[in-house]
Amino acid sequence: MNNTSLYSPRVTSTVERLLRTAETVDAEITPRAFAHIKATGGVRDDQAVAHLLRDAYMAIDVPTAKFLYNLVRARGAATVVEFGTSFGFSTIHLAAAVKDLGAGRVISTEQEPAKVIAARANLEEAGVADVVEILEGDALGTLENLEESIDVLFLDGWKALYLPVLKLVEPRLAPDAVVVADDLAIMPEKLAPYLEYVRNPKNGYSSVEIPLGDRLEFSVRAHA
Ligand SMILES: C[S@@+](CC[C@H](N)C(=O)[O-])C[C@H]1O[C@@H](n2cnc3c(N)ncnc32)[C@H](O)[C@@H]1O
């Protein structure tokens, strides 16, 4: 028997519905954001156009989602933290893995109140809401007093905040914790400080790029 809830009817139907909706919604929203970016100098900065992307899904692709599921299971993660829930597509995959492990939880963060409500409903529909807590507000505030030891950290909010978020929760990373950062292909200039930090062995990580989806940085907390 395969105890992989990714293939359960509830997860499958929710994931398929979200993929369909995300495609339609983002096809309408993102060209407007790109046009605005072009008209204002051409440098993509999601934070600067956050008002235009308020309703956009910007979800990871299916291979990346399956990779995250496998990673959480392989790590036997008890605590997974996500920066950037959006409508909960990635969160469903992280939560499915935690559920299949039999214990643990996902703490996800989202600053758009409407997305928090929608994500909670999507997690409920997928049957994984009981292992997820969504912290509403700016992750730099909501993650400030985290007490848990983090096994897996997934970074997928606004790119300029990856390094500040990592530094904020760094004291909470478990030995050999895994940090995955998405979107290396999308905004390299915004991610440069983050990549410089995790790729410098002096900062206590072993880090490598993975050519999956919009390209990921896969870092292991390797300090003594
Ligand atoms: C790329 S989307 C996340 C997509 C999601 N991980 C998925 O695969 O479905 C980024 C999300 O991060 C949220 N976000 C950006 N900066 C944030 C911050 N400082 N605190 C909390 N959420 C933030 C945005 O509102 C947006 O919904």
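Counting starts at 1 for both ligands and their atoms, in listed order.
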- Query: Short list, please: which atoms of ligand 1 are under 4.0 Å from a heavy atom of Glu112?
  - Reply: 25 (O)
- Option with minimal heavy-atom separation from atom 21 (C) of ligand 1, where the choices are Gly157, Gly84, Gly137, Ala50: Gly137
- Item | Worked check of side-chain contact (heavy atoms from CB on, under 4.5 Å) between Val15 and Ile92 | CA-CA 8 Å; Val15 161; Ile92 288 172; 4.3 Å; yes
- Task: Check the angle between the aromatic planes of Phe87 and Tyr57 and answer parallel, tilted or perpendicular using the 30° and 60° thresholds.
- Result: parallel
- Establish, for the pair Arg199 and Tyr205, whether the NZ or CZ atom is under 6.0 angstrom from the six-membered ring centre and no further than 45 degrees off its axis. no
- Quick one: which ligand 1 atoms are inside 4.0 Å of a heavy atom on Glu82? 6 (N)
- Flag this pair as yes if the NZ/CZ of Lys167 is under 6.0 angstrom from the six-membered ring centre of Tyr197 and inside a 45 degree cone about the axis; otherwise no. yes
Acceptor/donor pairs from residues 63-70 side chains to any protein atom, 3.5 angstrom cut, sequence neighbours excluded:
residue	atom	partner	partner atom	Å
Thr64	OG1	Asp61	OD1	2.6
Tyr69	OH	Arg73	NH1	2.8
Tyr69	OH	Asp100	OD2	2.4

- Purely on distance, is any nitrogen or oxygen of Ala59 under 3.5 Å from one on ligand 1? no
- Note on the structure: Among Glu110, Met58, Gln111, closest by heavy atom to atom 25 (O) of ligand 1 is Glu110
- Message: Check Glu125 with Arg17, please: is the shortest side-chain N to carboxylate O separation under 4.0 Å?
- Response: yes
- Query: Taking heavy atoms and a distance under 4.0 Å, where does Thr85 meet ligand 1: side chain, backbone, both or neither?
  - Reply: backbone
- Message: List ligand 1 atoms under 4.0 Å from Lys115, heavy atoms only on the residue side.
- Response: 26 (C), 27 (O)
- Per-atom contacts of ligand 1 with Asp138, taking only distances under 4.0 Å to non-hydrogen atoms: 18 (C), 19 (N), 20 (N)
- Atom indices of ligand 1 within 4.0 angstrom of Ser90 heavy atoms, with elements: 5 (C), 6 (N), 7 (C), 8 (O), 9 (O)
- Residues forming a salt bridge (charged side-chain N to carboxylate O under 4.0 Å, His left out) with Lys99, sequence neighbours excluded: Asp130
- For ligand 1, note which part of Arg54 has a heavy atom under 4.0 Å away: side chain, backbone, both or neither. neither
- Heavy atoms of other groups near Glu209 CD, more than 12 under 6.0 Å: yes
- Per-atom filter on ligand 1: closer than 4.0 angstrom to a heavy atom of Tyr57 are 4 (C)
- Message: Under 4.0 Å, counting heavy atoms only: does Leu161 come that close to any atom of ligand 1?
- Response: yes
- Task: Count the heavy atoms belonging to other residues, nucleotides or ligands that lie under 6.0 Å from CD of Glu133, then report whether that count exceeds 12.
- Result: yes
- Message: Would Ala139 count as a polar contact of ligand 1, with the cut-off being nitrogen or oxygen pairs under 3.5 Å?
- Response: yes
- Task: List every atom of ligand 1 that sits less than 4.0 Å from any heavy atom of Phe89, numbering the atoms from 1 in the order shown and giving each element.
- Result: 9 (O)
